[in-house]
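All ligand and atom numbering here is 1-based and tracks the order in the structure. In what follows, every heavy atom counts, from backbone to side chain, and hydrogens, waters and symmetry copies are set aside.
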Amino acid sequence: MANDDQFKKVISHAKEYGYVFQSSEIYDGLSAVYDYAQNGAELKKNIRDYWWKAMVQMHDNIVGIDAAILMHPTTWKASGHVDAFNDPLIDNKDSKKRYRADVLVEDFREKINQKINKDVAKAQKRFGDAFDEKEFRATNGNVIRRQKQIDEITVQLTKVQEENDLEGFRQLIVDLGIVCPVSGTSNWTDVKQFNLMFGTKLGASAESAMDLYLRPETAQGIFVNFLNVQKTGRMKIPFGIAQTGKAFRNEIVARQFIFRMREFEQMEMQFFIKPGTQKEWFEYWKETRLKWHKSLGLGQENYRFHDHDKLAHYADAATDIEFNFPFGFKELEGIHSRTDFDLKQHEKFSGKKLQYFDHEDNANYTPYVLETSIGLDRMFLAVFSNSLVEEELDNNTTRTVLKLPAVLAPTKAAILPLVKKDGLPDVAKKIVEDLKWDFNVTYDEKDAVGRRYRRQDANGTPFCITVDHDTLNDNMVTIRHRDTMEQTRVKIEDLKDIIKAEVDVKHWLQKMK
Ligand code: ATP
């Protein structure tokens, strides 16, 4: 399936099976805002729990908090968001479409990279086992020329970004011959900086109201609570504070479903360390976070690191974990070495000391911070899009199956009476009553059993449990596995253990080891 088609299928499947709806759809929706439906809310919660388990509960030195979305406005002055949380925007005068100037250049660069990858794949096919990719990349004329072009673009892009050279930015877009995908012209406006924070007001009367922002990231709620948590939790460095929660950004361009939303959820962890140890911790968290992703079995080849060329004002090293979405490799998670920038800034703006007394060194210092920051909605999209497959079956039919990792699936098992009579529904409902203490399960008696299997496959349910007439005599049921479609006959009393073995978080997280 072409990637575009796959992405369209993902969006329509998410709606049809009750995962994601457009927000306020009856009023024609609100751009880049989405609601999670009955299955989506469960999947999202399971992803959040999987992260929380791995990051908070499995680490003795990491604790979780839940800070408010509204914060004192000085927070955002201190963090640099008021002055620098901008994206460069540019409009095409013919199509009237708006773009992020940096994304236009990055996409252009990525297209050249795709051409290199195509050449490499072709050569690999031609030379087979004898193919040496490293040597090919170093000696092939086309590849060398294209790589040089990519490197030059990177240097130029970094320069205009670092120097905030907006005229240079526009010129770069023109010089590269980048055209608007809609109008096909290069009739561009000037590049302008646009602040992404949403403003709001606190207070009843216009005179006394205070201007606030909806938080654009959850991280600052952690920094301002650093000392509270350190003291009340008697935390010793190195230690981490984690939280999950909503963040808001008035994104310039938001056209990729839940990949880029204006209201989204982050799962962040700030790890406080001794200055000078940031390189080791950066490597540690890069590896640890990648292992967490890979534990879900979405394909090792679908992840890559992308080190930042342009570092944010607060960082001394940064990388993204990119995932192969239906529209190509894009950022899923960021890992940033934030130095002591945030704590120092809050110290300066609040006038309160935000330091740590190290008993071993008998000295006070401002800790350095290593951050891991992942978008829950992007993670949802990664899991959902990767899991949706269309399979050709032996009898020349196809089935649509959502192969969600069992630990994340919204419904773990569907209990199906073969027919709606002869006492089979009673037995099935009794199984539901027993299992629902441990798992989210569902009862389904409508349509022929084959159709019910297909429905549960498309819904991502790992197990179907069928009660038939023999069950009345032998207390056994048929359990069908979603991915293999294998069916086995098992005792009702063994169901709990069989399901647990596959959906248990321990079973999945142990794959990180
Ligand atoms: P991008 O470059 O894609 O705009 P970013 O580098 O600004 O992302 P961060 O500020 O590092 O993102 O935020 C951490 C994580 O939050 C990202 O890796 C991403 O998963 C998620 N995220 C950021 N912006 C959005 C958004 N508008 N919608 C959904 N998730 C987002």
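- Among protein heavy atoms, atom 13 (O) of ligand 1 sits closest to Gln266 NE2, 3.4 Å.
- One option in Glu331, Met379, Arg260 has a heavy atom closer to atom 3 (O) of ligand 1 than any other, and that option is Arg260.
- For Phe226 and Phe272, the gap between ring centers is short of 6.0 Å.
- Each of the atoms 18 (O) of ligand 1 lies under 4.0 Å from some heavy atom of Glu333.
- The environment of CG in Asp60 is sparse: at most 12 heavy-atom neighbours from other residues, nucleotides or ligands sit within 6.0 Å.
- Using modelled atom types and a 3.5 Å distance limit, the side chains of Tyr365 and Asp358 yield a donor-acceptor pair.
- Between Arg378 and Glu333, no side-chain nitrogen of the basic residue sits less than 4.0 Å from a carboxylate oxygen of the acidic one, so the salt-bridge criterion is not met.
- Here Arg338 pairs with Asp342 in a salt bridge; the nearest charged N to carboxylate O distance falls below 4.0 Å.
- For the pair Arg100 and ligand 1, a heavy-atom separation below 4.0 Å is found.
- For ligand 1, the polar-atom distance check finds no N/O of Ile374 at less than 3.5 Å from any of the ligand's N/O atoms.
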>> Show, in sequence, the C-alpha distance, side-chain angles and deciding distance for Arg137 and Val120, and conclude whether the side-chain contact (heavy atoms from CB on, under 4.5 Å) test is met.
In response: CA-CA 8 Å; Arg137 281 179 184 270; Val120 171; 3.9 Å; yes
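- In terms of polar-atom proximity, Arg249 is counted as a contact of ligand 1, with an N or O under 3.5 Å from an N or O of the ligand.
- Considering backbone and side-chain N/O of Ile258, none are found under 3.5 Å from N/O of ligand 1.
- At least one heavy atom of His336 sits less than 4.0 Å from an atom of ligand 1.
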